[in-house]
Amino acid sequence: MAGKKDTAAAATKAPSLGGFEKSLEELEQLVRDLEQGELTLEQSLTTFERGVGLTRDCQQALKSAEQRVEVLIQSGDGSLETRPFIEQSGQSNQSSDS
């Protein structure tokens, strides 16, 4: 099962800048590898650490994308205008101010 060893070895590399989709695909593969239970403890820990890093990268990419989203809003006169995305989830950006 060389694929498992390759995955564990890849877990020690720095997160790639290849984009959200690539990071998400790698994260999904890491999860499959961990679920199969055929990695050593050390390989599992290294793979898990890589997964945590990829998760953070994906979260940051989503946050960045969210900040760029513009929503089309129909005004009172029927015309369409664009406005910056306004977060509706109740989360505040206060934590990023520190």
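Everything numeric here is computed off the predicted structure, so don't read it as measured data.
By the 4.5 Å heavy-atom criterion applied to side chains, Leu24 and Glu28 are counted as neighbours.
Contact record, Leu62 with Phe20: CG-CE1, 3.7 Å, taken as the closest heavy-atom pair. Scanning both residues, Leu27 and Leu54, for their nearest heavy atoms gives N-CD1, 3.9 Å.
In this model, a donor atom of one side chain and an acceptor atom of the other lie less than 3.5 Å apart for Arg32 and Gln29.
Separating the CD atom in Glu38 from the OG atom in Ser44 is a distance of 10.5 Å, to the nearest 0.5 Å.
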